[in-house]
Peer 1: 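Sending over a structure as structure tokens; questions will come in a sec.
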Amino acid sequence: AWFLVARIRSAGWRFAWTTRGQPIGGISLIEAALWLGLLPMAVYVASYWPYLFYAEGSVPATPAAFIEIQQHALQLQHKLLKKHPYQTHWWQWVSDTRGIWYLFEKVDGAQRGIVLIGNPLTFLIGLPALVWCAFAALFRKRLDAGAMVACYAASLGLWIVAAKNVQFFYHYMLASCFMLGALALALDALWRRGGRWSWLPLGVLAASTALFVYFWPILSAAPLHSAGEYSQWMWLRSWR
């Protein structure tokens, strides 16, 4: 929908077939409808295909059954739940101060752990990148930057106003993707600008990759030497 509005504003009455103009040049409205509409919807629908073959609770493979599943999912989002040790609030997602432990026990003869937290570097510097994108959208007419800010605010805002009383860090996943998109745009602008700060984008990429490798053992359930070893990754008490 955003692509359609932007193309109408930039191309006028030729919006239906032209490949010129905002938000992305070289792509027609028909092609955008394919990549941004039909393909994502097809992938989403296909993800429910295994559900039709469950031994229990299977439903007929009909459009009505698919819609019923979506309605049930929406009802669950409004259901009052009991408090959970790993429940969090949206400001804890934004600050990356509280994650989720999915596993921390002995499995297959070794102590293992699986934790969900954001990359400490990109999740924090992504916030000023969003501020830069807002500035670029307002004063430099950068629609791509504005899209990242708008989509981030919308996907996070949904959970701020949601009736679901118990929420978790993984609800931030979609918003964090737009935040990282904003970070990519900000680093790209810095790279194109050149000068003495041109090394920073590569430095951020290298540092974020290094942190991913460092945290890999407790992201992948790799064998740990002891139960206390996880402390080297728990930089904050709230991560424990």
Side-chain angles (χ1 to χ4, degrees), residues 40 43-44 46-51 53-56 73 76-77 81-130 148 151-152 155-156 158-159 164 166-188 191 199-240:
V43 173
Y44 180 74
S47 69
Y48 283 88
W49 182 256
Y51 181 82
F53 298 94
Y54 282 177
E56 297 179 2
L76 291 177
Q77 298 305 320
L81 302 174
K82 294 182 180 179
K83 290 186 176 182
H84 192 279
Y86 287 117
Q87 70 180 76
T88 50
H89 302 286
W90 66 269
W91 57 85
Q92 294 173 304
W93 312 340
V94 173
S95 59
D96 198 21
T97 54
R98 182 64 171 162
I100 302 175
W101 278 99
Y102 288 107
L103 172 75
F104 192 72
E105 58 185 84
K106 285 192 174 182
V107 179
D108 294 334
Q111 183 73 35
R112 303 174 190 270
I114 301 177
V115 68
L116 173 62
I117 52 176
N119 187 302
L121 174 65
T122 56
F123 265 56
L124 293 182
I125 65 175
L127 299 178
L130 283 167
M148 292 299 105
C151 291
Y152 175 85
S155 53
L156 176 61
L158 287 173
W159 292 108
K164 189 174 183 179
V166 175
Q167 299 178 359
F168 298 95
F169 184 79
Y170 55 75
H171 290 141
Y172 188 57
M173 183 184 70
L174 182 59
S176 69
C177 290
F178 293 118
M179 177 186 66
L180 295 178
L183 178 59
L185 292 178
L187 292 177
D188 177 70
W191 173 265
W199 60 269
L200 189 58
L202 293 179
V204 170
L205 289 175
S208 62
T209 302
L211 282 171
F212 172 73
V213 173
Y214 178 75
F215 278 88
W216 178 249
I218 58 169
L219 300 176
S220 62
L224 305 179
H225 295 297
S226 66
E229 187 181 1
Y230 88 110
S231 297
Q232 73 181 48
W233 294 284
M234 296 297 98
W235 298 351
L236 303 177
R237 181 178 295 275
S238 58
W239 283 3
R240 297 174 180 266

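Everything numeric in this text was worked out from a predicted model, so none of it was measured. Only this structure's heavy atoms are used, side chains among them; waters, hydrogens and symmetry mates stay out. Numbers here simply count residues along the sequence, with the first being 1.
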Peer 1: What pairs of donor and acceptor atoms, side-chain ones from residues 104-116 against any protein atom, are under 3.5 angstrom apart with sequence neighbours left out?
Peer 2:
{"residue": "R112", "atom": "NE", "partner": "V107", "partner atom": "O", "Å": "2.7"}
{"residue": "R112", "atom": "NH1", "partner": "A221", "partner atom": "O", "Å": "3.0"}

Peer 1: Give a yes or no on whether the backbone of S208 and the side-chain of N119 come within a donor-acceptor separation of less than 3.5 Å.
Peer 2: yes
Peer 1: Do M179 and M148 have side-chain heavy atoms sitting under 4.5 Å apart?
Peer 2: no
Peer 1: Would you confirm whether the ring centroid of F169 sits within less than 6.0 angstrom of the ring centroid of W90?
Peer 2: no
Peer 1: Any side-chain heavy-atom pair from I100 and H84 closer than 4.5 angstrom?
Peer 2: no
Peer 1: Looking only at heavy atoms, what is the nearest atom pair of A129 and A186, with distance?
Peer 2: CB-CB, 4.0 Å
Peer 1: Could you grab the distance from atom CG of L180 to atom CG of L187, nearest 0.5 Å is fine?
Peer 2: 10.5 Å
Peer 1: Taking atom CD of Q167 and atom CH2 of W159, what is their separation to the nearest 0.5 Å?
Peer 2: 6.0 Å
Peer 1: Is the closest side-chain heavy-atom distance between I117 and F215 below 4.5 Å?
Peer 2: yes
Peer 1: Is NZ or CZ of R98 both nearer than 6.0 Å to the six-membered ring centre of F168 and within 45° of the ring axis?
Peer 2: no
Peer 1: What distance do L200 atom CG and I125 atom CD1 have between them, rounded to the nearest 0.5 Å?
Peer 2: 7.5 Å
Peer 1: Between P120 and W239, which heavy-atom pair has the shortest distance, and what is it?
Peer 2: CG-CH2, 3.9 Å
Peer 1: Which of these passes side chain to side chain donor-acceptor pair (under 3.5 Å) with T88: Y172, Y170, W93?
Peer 2: W93
Peer 1: Find the distance between CD1 (I218) and OH (Y230) and round it off to the nearest 0.5 Å.
Peer 2: 10.0 Å
Peer 1: Using 0.5 Å steps for rounding, measure from the CG atom of L211 to the CH2 atom of W216.
Peer 2: 15.0 Å
Peer 1: Answer yes or no: does atom CE of M173 have more than 12 heavy-atom neighbours from other residues, nucleotides or ligands under 6.0 Å?
Peer 2: no
Peer 1: For a 4.5 angstrom cut-off between non-hydrogen side-chain atoms, does L219 reach F212?
Peer 2: yes
Peer 1: Side chains of P217 and W233, heavy atoms from C-beta outward: is any pair under 4.5 Å?
Peer 2: yes
Peer 1: What is the distance from atom OG of S176 to atom CG of L183, rounded to the nearest 0.5 Å?
Peer 2: 11.5 Å
Peer 1: Please identify each residue that fulfils side-chain hydrogen bond (donor to acceptor under 3.5 Å, both in side chains) with W91, with sequence neighbours left out.
Peer 2: none
